Amino acid sequence: MSGTNPVDPVDEAFEAQRDRLRAVAYRMLGSHADAEDVVQEAWLRLRRQDTAAIHNLAGWLTTVVGRISLDVLRSRQSRPEASYDDRLPELVVTADDSPAPEDDVALADSVGLALLVVLESLRPSERLAFVLHDLFAVPFDEIGRILGKSADATKMLASRARRKVRGTERPAAAGREQREVVQAFLAAAHRGDFEGLLRVLDPEVKLTVDTPGGVVVVLGATEVAAGARLRQRTAARGRTVLVNGLPGIVSWREDGTPLSVMAFTVVDGRIADIMVVADPARLASMNLPDPE
């Protein structure tokens, strides 16, 4: 007989699910580190269970990862001092050369990253319902048990989330249409046109700003418009970019140091979410294009 240790069937079964569980957690949280932590916690909970009583291990693990991820999302909302890595997904900034229609297919490669940015605009329950059902085919009744809601109520959450993210389904069209809305926003901000800003902002727009002191969240078109007028006046120059495949802008100070990176999510012709990186340390670590 060989002296090798037998493979633990529970270990083997979990490892077979690890990649899928990590994918679920990452799309829920937008952070690879947080996703790894969630999967590890699911593993620890599994080891405390009588696995013989688990009839559907894949379903059980998906439910556990969903619950842990939901707890993480809710705790972020209650901690305004949450760090950048807790609140924002990794951002990839590339030059936006306004591709012609025949080149739009190149934008398809950005959809996965762009979706993470859009998911940040969803409420925790909406994000869970959308990610588990639309991306991983978990039945609504199972998702409802995680949320403590009926299957019908969970369907409504997923439907609401789907409307918010549907712009990522057609990246070519979204790229052209969203640019126009973003340019209108920037022009209004530059002019100090408060009414013009309100016309392009969703009434429930969410602004998330990563600052040296932590993350600041601003809600509502009136508050976001007021801040946009002030922020635009501090920038010496800027250029349009793609941030995780979505329209954005990088701004620089007079001395050439980066001032901010902004990413915009446009839904139904209005800006529904703005993400801003204004932390100099974070900006210094990003691979930004040169000023035009």
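Model, not experiment: these values are computed from the prediction. All heavy atoms count here, side chains included; hydrogens, waters and symmetry mates do not.
For Pro203, the side chain to side chain contact (heavy atoms under 4.5 Å, CB included) partners are Arg270, not counting sequence neighbours. Evaluation of the ring pair (Phe, Tyr, Trp, His ring centres under 6.0 Å) rule for Trp60 yields no partner, not counting sequence neighbours.
Between Pro212 and Ala278, the closest heavy-atom pair is CD-O, 4.2 Å. Across every non-hydrogen atom of Val205 and Asp273, the tightest pair is CG2-N, 4.0 Å. Summarising the geometry of Ala158 relative to Phe140, their closest heavy-atom pair is CB-CE2, 3.6 Å, with the distance given to 0.1 Å. Closest of all the heavy-atom pairs between Ala225 and Leu197 is O-CD1, 3.5 Å. Closest approach of Gly196 to Ala188, counting heavy atoms only: C-CB, 3.8 Å. Residue Pro289 comes nearest to Val241 through the heavy atom pair CG-CG1, 3.8 Å, listed as atom of the first residue, atom of the second, then distance.
No side-chain heavy atom of Val39 sits under 4.5 Å from any side-chain heavy atom of Ile68. Residues Met262 and Phe185 have side chains in contact (heavy-atom distance under 4.5 Å, counting atoms from C-beta outward). Contact check for Val215 versus Val209: no side-chain heavy atoms found under the 4.5 Å cut-off. The shortest side-chain heavy-atom distance between Leu259 and Thr257 does not fall under the 4.5 Å cut-off. Val224 has its side chain within reach of Val218: a pair of non-hydrogen atoms, C-beta onward, lies under 4.5 Å apart. In this structure, Gln17 and Leu61 have side chains that are in contact, with non-hydrogen atoms separated by less than 4.5 Å. Residues Leu157 and Leu147 meet the side-chain proximity criterion, which asks for heavy atoms closer than 4.5 Å. Counting heavy atoms from C-beta on, the side chains of Thr63 and Leu132 never come closer than 4.5 Å.
Between Glu41 and Arg45 a salt bridge is recorded (basic side-chain N to carboxylate O distance below 4.0 Å). Looking at Asp11 and Arg47, a side-chain N of the basic residue comes within less than 4.0 Å of a carboxylate O on the acidic one, giving a salt bridge. The residues Arg282 and Asp210 are annotated as not salt-bridged, no charged nitrogen and carboxylate oxygen being separated by less than 4.0 angstrom.
Of the inter-residue distances, the one linking Lys206 atom NZ with Ile271 atom CD1 reads 15.5 Å to the nearest 0.5 angstrom. Between the CG atom in Leu186 and the CD1 atom in Ile249 there is a gap of 4.5 Å [rounded to 0.5 Å].
Between Phe14 and Trp43, the two ring planes are tilted [angle within 30° to 60°].
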Phe264/Met275 under side-chain contact (heavy atoms from CB on, under 4.5 Å): CA gap, chis, key distance, verdict: CA-CA 7 Å; Phe264 300 86; Met275 296 171 61; over 6 Å; no
Apply side-chain contact (heavy atoms from CB on, under 4.5 Å) to residues Leu128 and Ile143 and explain how you reach the verdict. CA-CA 8 Å; Leu128 181 79; Ile143 303 171; 4.2 Å; yes
Assess the residue pair Arg20 and Thr62 against the criterion (side-chain hydrogen bond (donor to acceptor under 3.5 Å, both in side chains)); give the C-alpha distance rounded to whole Å, side-chain angles, the decisive distance to 0.1 Å, and a yes or no. CA-CA 9 Å; Arg20 186 180 62 85; Thr62 301; 2.7 Å; yes
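In the hydrophobic cluster analysis, where Ile, Leu, Val, Met, Phe, Trp and Tyr join through side-chain heavy atoms closer than 4.5 angstrom, Met156 is grouped apart from Val267.
Evaluated for a side-chain contact (heavy atoms from CB on, under 4.5 Å) with Val250, the options Thr240, Val277, Leu288, Leu283 yield exactly one hit, Leu288.
Listed for the Ser69 side chain is no donor-acceptor partner under 3.5 Å among the backbone atoms of Gly66. A donor-acceptor pair is defined here as one N or O able to donate and one able to accept, closer than 3.5 Å; no such pair exists between the side chain of Ser159 and the backbone of Lys155. Arg22 contributes no side-chain N or O that, together with a main-chain N or O of Glu36, makes up a donor-acceptor pair within less than 3.5 Å. The backbone N or O of Arg27 sits less than 3.5 Å from a side-chain atom of Arg127, completing a donor-acceptor pair. Here the side chain of Glu126 pairs a donor or acceptor atom with the backbone of Arg123 at under 3.5 angstrom.
Within 6.0 Å of CD on Glu204 lie no more than 12 heavy atoms contributed by other residues, nucleotides or ligands.
Among pairs with a residue in residues 142-154, none fulfils salt bridge (charged side-chain N to carboxylate O under 4.0 Å, His left out), at least two apart in sequence or across chains.
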